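Each ligand, and each atom within it, is numbered from 1 in the order the structure gives. Not measured: the values here are computed from a predicted model.
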Amino acid sequence: MPIARVTLEIALRREFDYAIPPDLIDRVEIGSRVKVPFGSREVLGVVTGLPESSPHSNLKFLSNVIGALSLVTPNILALARWIAEYYCCPVETALKSVLPDAVRKEEDGWRERLHVRALPPTGDLPPLTKRQREVWNIIEEWRELSLQEILRLGETTAETLRRLEDKGLIEIALKIDERDPYARERILPTQALSLNPQQQVALEAIRKAMDLSTRAEPADSTDARETAGSCFLLHGVTGSGKTEVYLQAIDHALDQGRGAIVLVPEISLTPQTVERFKARFSSGKHATLVAVLHSHLSAGERHDEWHKIRNGRARIVIGARSAIFAPVDPLGLIVVDEEHEHSYKQEESPRYHARDVAVLRGQRERAVVVLGSATPSLESYFNAMRGKYTLLEMTTRATDQKMPIVRVIDLRSEALKEKGHAPPIFSHQLKEAITQRLERREQTILFLNRRGYSSSLQCPKCGFVAGCPNCSISLTYHRRDQRLKCHICGHQETVPTKCPELTCRNPAIRYAGLGTERIEETLKKLFPHATIARMDSDTLKRKEDYRRVLNDFRTGKIDILVGTQMIAKGLHFPNVTLVGIIYADLSLHIPDFRAGERTFQLLTQVSGRAGRGDVEGEVFVQSFTPFHPAIQYARRHDFRGFYDQELEFREQLKYPPWARVALLTLKGRNEDKVKFSADHLRSVVERHTQGWRDLILAGPAPSPLMRAESFYRYQLMLRTKAMSRLAQVLTEVQASLQLPEDITLTIDIDAVNLA
Ligand code: ADP
Ligand code: ZN
């Protein structure tokens, strides 16, 4: 009797054998989604093996197979297994991540609708009434459209359509109606640009590697970043034309009969970006669909996009983090754009890093991997320096525009000028620069990485600060809603009119710190005739908002755009000649060894929005610590300088890239219990790692965000070069650890968020 070994959806960390009923034999293969009886109910799972025999007798039959094709291809199954092992999670959890929910559950399935199709004419038209003829003309012009659409367009009834069907002019039938999130967009095809010399060198190297990769034997490795030989790091300044290199490399993959995956951070997955890819590949010699995967799609749209990839109609995928699991087969190229972005790390189990998964997948499937960035992560640049990745450099902008001039403004001296008052939000110089741009009808982008009106509400008399009852942070004041809000847990309260401390009751309670809402308001007062728009997660509630604002900005309806990191990346507006960074120190003083790197990256990326057209760009960086290396190197566009000094600092403290970091966090409502459990955890880890010399074990200590959503959090930080080995040990630790029921442990391998 044929047997299927199945990994169930519920995380039990083991596989179960089922007998395959004769009528399903043809449809069961490794990777099939199946429904099986389990206890008294039916559960979903994935076939992860087809063993010859089973150690168990009396096997139950599996009940059904979902989908015509196996949903988890062998390549993706292998990837899921690696993720489970390396990121210390059950394989069930990893498997859940590799399929979009809508595909996994198949609830949304394909949507079938009645379609009306014009039939090829046979001889003369039969006699028609005036009404019928009008409707027929519309159908003939469209060839095919949904019943609903023709009812609306022709202002007609189903009855009239039946008549036309009787006369043999049209056919009405049920058809799959593909949900295409970009259906309403008209996209004009584009041709490959002729490359400048630096782009040519980069593309040639990538193409050569792709040609070689069709011959080489697949590597078999457990640690992506340590063995990658065919992986490239494309370090190109903002506007150097990296995207054009990606496009032409993809073209080469299609030449080879292979497909491509392009990862971009969620927030830079703008309609503009998607359009560039569709415009190149929707027609021409290798015309193929370009599938798009990101979190703003409806479940149905995601289902349909995914199946377009699975059945080979879309050979190019552009998407955010989870698109790395798209079933492109065969795969020739993976591009990870803005590879330094932290959003590639998933902050829930499985806590995988899509860039690292990309490198591993590329190796396993003999696809070339290109990591691109204007500000590579220290880890990737280090790998390139060590020869693990091949470094490709593009040091000038594509069409020879100059890099913008960056001016750093010392807010301390601005504050002095105010003689005891708070420093102004806009320095004199920045105000002047904005005025100039308005006069010249050029556009301005102003960046501040904090939404809301002000970051806290303080009493100057007693020192009271309005804090969240559930989290160890202060509440942000939102002026339009007249609410104090917690940006961690969402807690809200009304704004007090005087200090709430019973012994104080000072009515002169004050707002401290800036947010984008306040920037917008101040701007409106300073420049009453300018059109100003704000882009942050408070103003963009629906997905159309985003498109609308960007469109208005592109067409020049908006003079000044204010926003958070949402506007920092990927936007290409040639008429933007001024960028102002209101407060550069915001990301600098957080307790994270990557704070300097983050700041350098943000400043460089935001500055890169300026001067992408004919007029040279100018950037103003306002700061209280103007001589900080992250600010000074960004001012000079000197990545290498920043890298060298940052690398030295990391070496002294044995932080990445000199070692890798695993963060173990314990959470619970009772602080003493959390502390006690953390001590216990440390002793268990010590026992499992005795004699391990390259391991540094720090903590337990309270997490920087010590309390979040009413849970106390304590953490241990482990650093080692041998992370695969440590991951194995941690899996053992997790299995043997006895924690109180209300305490949870999370293991974050290669953690990027230390809060
Ligand atoms: P990056 O991704 O490196 O920031 P882009 O690919 O967005 O840069 O390129 C910036 C601009 O330069 C785009 O408008 C692009 O069309 C243009 N561009 C890129 N390569 C060329 C080229 N070889 N010739 C002319 N224009 C180019
Ligand atoms: Zn809170």
Side-chain angles (χ1 to χ4, degrees), residues 188 190-204 233-251 262-265 268-270 272-277 279-280 318 335-341 370-376 392-404 452 455-456 465-476 478 483-493 554 568-576 601 604-614 617 637 639 705-713 755:
L188 300 174
T190 62
Q191 302 286 322
L193 300 173
S194 66
L195 300 183
N196 66 31
Q198 290 191 336
Q199 287 175 314
Q200 258 169 33
V201 171
L203 179 68
E204 249 342 282
L233 176 63
L234 176 57
H235 175 209
V237 298
T238 51
S240 58
K242 294 185 287 294
T243 311
E244 186 60 34
V245 173
Y246 305 154
L247 288 166
Q248 298 195 24
I250 294 172
D251 203 52
V262 181
L263 297 186
V264 297
S268 51
L269 196 52
T270 59
Q272 226 182 350
T273 313
V274 172
E275 206 178 295
R276 272 175 95 174
F277 286 81
R280 191 62 63 83
I318 173 162
V335 172
V336 184
D337 193 29
E338 313 277 8
E339 67 86 25
H340 63 278
E341 269 294 314
V370 178
L371 311 178
S373 176
T375 51
L392 302 169
E393 286 186 294
M394 305 203 300
T395 51
T396 55
R397 285 188 159 176
T399 44
D400 267 346
Q401 299 100 329
K402 292 211 189 84
M403 294 302 282
S455 55
S456 64
V465 175
C468 175
N470 312 319
C471 310
S472 51
I473 63 163
S474 56
L475 296 173
T476 303
H478 287 250
R483 307 286 280 176
L484 292 172
K485 295 185 190 175
C486 172
H487 286 185
I488 299 286
C489 72
H491 168 85
Q492 298 195 7
E493 42 187 82
R554 179 179 357 202
K569 284 151 213 149
L571 301 184
H572 179 73
F573 297 108
N575 197 35
V576 173
Q601 288 165 345
T604 308
Q605 296 287 347
V606 183
S607 307
R609 301 310 112 213
R612 293 169 79 95
D614 298 332
H637 310 289
F639 173 80
L705 183 64
M706 186 186 163
R707 192 155 173 257
E709 305 181 54
S710 69
F711 287 95
Y712 288 92
R713 310 154 81 238

Open item on the list: So, regarding Thr238 and ligand 1 (criterion: nitrogen or oxygen to nitrogen or oxygen, under 3.5 Å), is there a contact or not?
Closed with: no
TODO: Please write down residue, atom name and distance for the protein heavy atom closest to atom 2 (O) of ligand 1.
DONE: Thr243 OG1, 3.0 Å
Task: Heavy-atom proximity to atom 1 (P) of ligand 1, best of Met394, Gln248, Arg609, Lys242 - done: Lys242
Open item on the list: Can you confirm whether the side chains of Thr399 and Gln401 place a donor and an acceptor under 3.5 Å from each other?
Closed with: yes
- [ ] Could you tell me whether any N, O or S atom belonging to His487 is less than 2.8 Å from the Zn ion (ligand 2)?
- [x] no
Task: Protein heavy-atom partner closest to atom 8 (O) of ligand 1 - residue, atom, separation in Å - done: Gly241 N, 3.0 Å
Open item on the list: Could you identify the single nearest non-hydrogen protein atom to atom 21 (C) of ligand 1 and state the distance to 0.1 Å?
Closed with: Leu193 CD1, 3.4 Å
Open item on the list: Quick one, Arg397 and Ser240 - any side-chain contact, counting heavy atoms below 4.5 Å?
Closed with: no
Open item on the list: Counting C-beta onward and ignoring hydrogens, is there a side-chain heavy-atom pair between Gln272 and Phe573 closer than 4.5 Å?
Closed with: yes
TODO: For residues His487 and His478, establish whether the separation of their ring centroids is below 6.0 Å.
DONE: yes
Open item on the list: To check your reading of the model: name the closest protein heavy atom to atom 11 (C) of ligand 1, its residue, and the distance in Å.
Closed with: His572 CE1, 3.7 Å
TODO: Write out the residue and atom name of the closest protein heavy atom to atom 20 (N) of ligand 1, then the distance separating them to 0.1 Å.
DONE: Gln199 NE2, 3.0 Å
Open item on the list: Please report the interatomic distance OG1(Thr238) to CD(Glu338), rounded to the nearest 0.5 Å.
Closed with: 9.5 Å
TODO: Using side-chain contact (heavy atoms from CB on, under 4.5 Å) as the criterion, point out the one residue from Glu709, His491, Glu493 that pairs with Cys486.
DONE: His491
TODO: To the nearest 0.5 angstrom, please state how far the CD atom of Gln198 sits from the CG atom of Leu203.
DONE: 13.5 Å
TODO: State, with a plain yes or no, whether a side-chain heavy atom of Met394 is found less than 4.5 Å away from one of Val245.
DONE: yes
Open item on the list: Please confirm whether Arg276 approaches ligand 1 to less than 4.0 Å, judged on its heavy atoms.
Closed with: yes
- [ ] Could you grab the distance from atom CD of Glu341 to atom CG of Leu263, nearest 0.5 Å is fine?
- [x] 12.0 Å
Open item on the list: Using the rule given for side chain to side chain contact (heavy atoms under 4.5 Å, CB included), can you reason through Thr243 versus Phe277, listing the C-alpha separation, both sets of side-chain angles and the distance that settles it, and then say yes or no?
Closed with: CA-CA 9 Å; Thr243 311; Phe277 286 81; 4.1 Å; yes
Open item on the list: Looking only at protein heavy atoms, which one is nearest to atom 4 (O) of ligand 1, and what is the separation?
Closed with: Gly239 N, 2.8 Å
Task: Atom indices of ligand 1, in the order listed, that fall short of 4.0 Å to a heavy atom of Leu195 - done: 23 (N)
Task: Identity and distance of the protein heavy atom lying nearest atom 12 (O) of ligand 1 - done: Ala398 CB, 3.7 Å
Open item on the list: Below 3.5 Å, N or O to N or O, backbone or side chain included: is there any such pair between Thr399 and ligand 1?
Closed with: no
Open item on the list: Could you tell me if Gln248 and Glu244 have a donor-acceptor pair between their side chains, going purely by distance under 3.5 Å?
Closed with: yes
Open item on the list: Any heavy atom of Arg612 closer to ligand 1 than 4.0 angstrom?
Closed with: yes
Open item on the list: Looking at ligand 1, would Ser240 count as a contact under a 4.0 Å heavy-atom criterion?
Closed with: yes
TODO: Have a look at the Zn ion (ligand 2) and estimate, to 10 degrees, the angle subtended by SG (Cys486) and SG (Cys489).
DONE: 110°
TODO: Please confirm if an N, O or S atom belonging to His491, backbone or side chain, lies less than 2.8 Å from the Zn ion (ligand 2).
DONE: no
Task: Identity and distance of the protein heavy atom lying nearest atom 24 (N) of ligand 1 - done: Ser194 O, 3.8 Å
